[in-house]
Every structure is written in C-alpha cells, then in structure tokens.
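One structure is given below, encoded as structure tokens.
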Amino acid sequence: MNAKPITAAITAVGGYVPDYVLTNFELEKMVDTNDEWIRTRTGISERRILKGEGLASSDLGTEAVKEILRKKGLDPLEIECIICATVTPDMVFPATANIIADKVGATNAWGFDMEAACSGFLFALSTAAMFIESGRYKKVLVVGAEKMSAIMDYTDRNTCVLFGDGAGAVLVEPNHEGLGMIDSIMKSDGAGRHYLHMKAGGSLKPASVETVLAREHFAYQEGQSVFKFAVRGMADVSAELLEKHGLTGNDIDWLVPHQANLRIIDATANRMGIGKEKVMINIEKYGNTTAATIPLCLWDWEQRLKKGDNLILAAFGGGFTWGATWLKWAY
Ligand code: UT7
C-alpha cells in the first residue's frame, strides 16, 4: 500500500499559438481605438489569430496535445480521457474533445467538452483530478482550446481588442509523493450570464437571418460590470483558498492568473500579498485566449518551474464562473 493517497499531478505541458500576429496598430485601422488605450486599460499589445479555411479550435488543441505526446514519448492509445475546455467548439456538437482525440489518434480515449468560459480550464483540471484521485484513471489530458476570432465582432471595439486564439494542454497522472493538486475552490453564479454571453445560436435564440443581421453570433460583454465582479471574484476566491490552508503570499512560488486584464491580475496579486515577480503574465502577447490562458502561462513558464513549487491557479469568466486551485508542481 502507498504511504500517501493518490494525488493528481500535471506531468507535462503543451501549447500552440497560430503564427498570425494581430497588433494593436493593425486594430487601429479596423476600429476606433489606439495602442495606448489598449495597453494602459488591458495590458495587451498583440494577439494571435488562426487564419485559413477549415481550421478550428480542435486544430489548435491538437497541436498542443501532440507536443505533450512528443515530449513524453507517449503512445496516443495510452490516453484514457480528454477533457476540452472551450467556448469556441468546432461545432455545437459533437464535442471538440472527440475531434482532438480523432486527430491525435487517441482512439482508446473517451472525452467531453467543458463549457465554463474563462474558468473552463480550471473546472476541467479539477474534474480530471477527481478521475485520477479515484484510482480509476492514469492518463487524462486537459485541453483549453479557443479560436476566439471566430466569435469576435471586428466592428466592436469594446470586445475585439481583448481576445486572441491559442491552446494549451496538460497531462494529468497519479502521484504518490503528495505533489499535484492539493485543493480547489470553484464557484459559479448564473445571474451573471447577462453581462457576458453570446446572444444567439443556442436553443434560446436559434440562428436566423435576423440574428445574423443583428450581429448576435459574436461575444457580447458589458466590460465595466464584468470588471467589477472579476476583480472581487478572482481575488476573493484566491484569498479564501490561502486562508483555508493557513498560507500567505510568501508560501506561494507562482500565481497563474487568467489573462483577461492586467489590472485584474494586479488586484488579485496585491490582495494575496504576492510580488509581481512571482506572477505569470503573458497577456501582452496573446490577449485573452479564454480557456487557454492558464495552460499557455504554464507552457511559457515550464522551464522555470521546480519540483515542489507552490502554484495558485485562478480564473474568472462568463457565467459567471470563477475559482482557484492550489497545486504543488511535480517535476
Ligand atoms: O475573461 C472573461 C472576463 N472578462 C473580463 O474580465 C474583462 C473585464 N473588463 C475589462 O477588462 C474592462 O472593463 C475593459 C478592458 C473591457 C474596458 O475597460 P474599462 O476601463 O472598463 O473601460 P470602459 O468600458 O469603462 O470604457 C471607458 C471608455 C469609454 O468611453 P467613454 O464612454 O468614457 O467616452 C469607452 O467607449 O473607453 C472607451 N473604449 C475604448 N476606447 C478606445 C472602450 N473600448 C475602447 C477601445 N479603444 N478599444
């Protein structure tokens, strides 16, 4: 018998961003905005866009997963389950997770999509952790994949400057050294749905000529309202997780926040007493990639992480959904 119970640890990270760089300066030519406004209000300088016919979120996720398979020398047939967090699935159904499984050759895996907007990756990771902790699963992939450009209205300066395309993925495996996911606090409140959503295309308002003409198949956000909830939600839940375990900012090696706005990230770090040098920030180059922001941070920082490092992953997004996870890095 193992001395410690099974914990669920991230054992590999993969990522992918498309080549095309959409800069603030190019956006200046598309809508009434400017580089200075975007940088000072959001922290974003550029974002990546997936161009080309026939390419979708699954193609981004597939590249991220392939990197993991390569790095670990893993046979895709060993993958047991794929959970894909996305608000930009290839199609309303079937699940993008199934399409990724097909594209990488993970034909023994079952899978499903997790729809929790910007908190999707955290919710999916927490779900995967429970599969591993139960002892029934040994290899689960969690993917955050978004082609946000597919639901951006490039005539609406309120939203189109914020989002970008990209994907990140992690492999989750059992650990017997007490490393990996220690605890999570996850929350949602459907009353927040009015502030951030897509108006049409669901069963409430199916696609019609009218919905297309009214530009209702794009992401809609009341930025200022979401901002207030996001600052409070992400900071509160992160502080709650620290307090629950008697931790302070000094105990934390890295804060891995959802990348929606640099000001929200700063507020969360301040509230937790975590210095900026310990906060993963890459919003300037990718913008908000929704479910992909957190794994893309892990991907960018992977080489700097050390076994045993304490990480807090924190997110806030549409729904509203929000949460924080404490994990000990396992490699
Ligand atoms: O990831 C999911 C969760 N989402 C979030 O966490 C996003 C939360 N919200 C935000 O990050 C911010 O609210 C935004 C970045 C979206 C907007 O920043 P803000 O400081 O809240 O600006 P605002 O919406 O209050 O707008 C201030 C001004 C307005 O002009 P007036 O009314 O003061 O004349 C806007 O029309 O800025 C104007 N504005 C712009 N100006 C130049 C809005 N968008 C732009 C733009 N370029 N792109």
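The figures that follow rest on heavy atoms only: side chains count, while hydrogens, waters and symmetry mates do not. Numbers for residues simply follow the sequence, beginning at 1. As the structure lists them, so they are numbered: ligands from 1, and atoms in each ligand from 1.
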Cationic N near anionic O, under 4.0 Å, [X] to [Y]:
X	Y	answer
Lys103	Asp59	yes
Lys285	Glu46	no
Glu302	Lys71	yes

Going by the atom numbers of ligand 1, which of them fall below 4.0 Å from some non-hydrogen atom of [X]?
X	value
Val161	48 (N)
Arg263	18 (O), 19 (P), 20 (O)
Cys118	1 (O), 2 (C)
Ala260	1 (O), 5 (C), 6 (O)
Thr42	15 (C)

Which is closest to [atom] by heavy-atom distance: [options]?
atom	options	value
atom 5 (C) of ligand 1	Ile44, Val31, Val226	Val226
atom 46 (C) of ligand 1	Thr33, Val87, Asn158	Thr33
atom 21 (O) of ligand 1	Gln221, Gln224, Arg157, His258	Gln224
atom 6 (O) of ligand 1	Ile264, Asn261, Ile265	Ile264
atom 17 (C) of ligand 1	Phe227, Trp37, Phe320	Trp37
atom 27 (C) of ligand 1	Lys228, Arg41, Met234	Arg41

Verify the contact flag for [atom], where contact means a protein heavy atom under 4.0 Å away.
atom	answer
atom 24 (O) of ligand 1	no
atom 39 (N) of ligand 1	yes
atom 3 (C) of ligand 1	yes
atom 13 (O) of ligand 1	yes
atom 31 (P) of ligand 1	no

For the residue pair Trp326 and Lys244, establish whether any side-chain heavy-atom pair is separated by less than 4.5 Å. no
Over 60° means perpendicular and under 30° means parallel, so tell me whether Phe112 and Phe131 are parallel, tilted or perpendicular. perpendicular
Members sharing Ile82's hydrophobic cluster, built from side-chain contacts under 4.5 Å between Ile, Leu, Val, Met, Phe, Trp and Tyr, are Val65, Ile68, Leu69, Leu74, Ile79, Ile100, Val104, Leu141, Val143, Leu171
With the 4.5 Å side-chain cut-off for hydrophobic clustering, are Met280 and Tyr16 part of the same group? no
Which bit of Thr290 is near ligand 1, meaning a heavy atom under 4.0 Å away: side chain, backbone, both or neither? neither
Considering non-hydrogen atoms of the protein only, which is the closest contact for atom 9 (N) of ligand 1, and what is the distance? Gly223 O, 3.1 Å
Expected output: side-chain Gln259 to main-chain Pro257 donor-acceptor under 3.5 Å: yes
Give a yes or no answer on whether the side chain of Ser184 reaches the backbone of Met186 with a donor-acceptor pair at less than 3.5 Å. no
Gap between atom CZ of Arg48 and atom CG of Asp19 - 0.5 Å precision: 7.0 Å
Please identify each residue that fulfils side chain to side chain contact (heavy atoms under 4.5 Å, CB included) with Asn175, with sequence neighbours left out. Thr7, Ala9, Glu177, Leu179, Ala330
Heavy-atom contact check, 4.0 Å cutoff: does Ile38 meet ligand 1? no
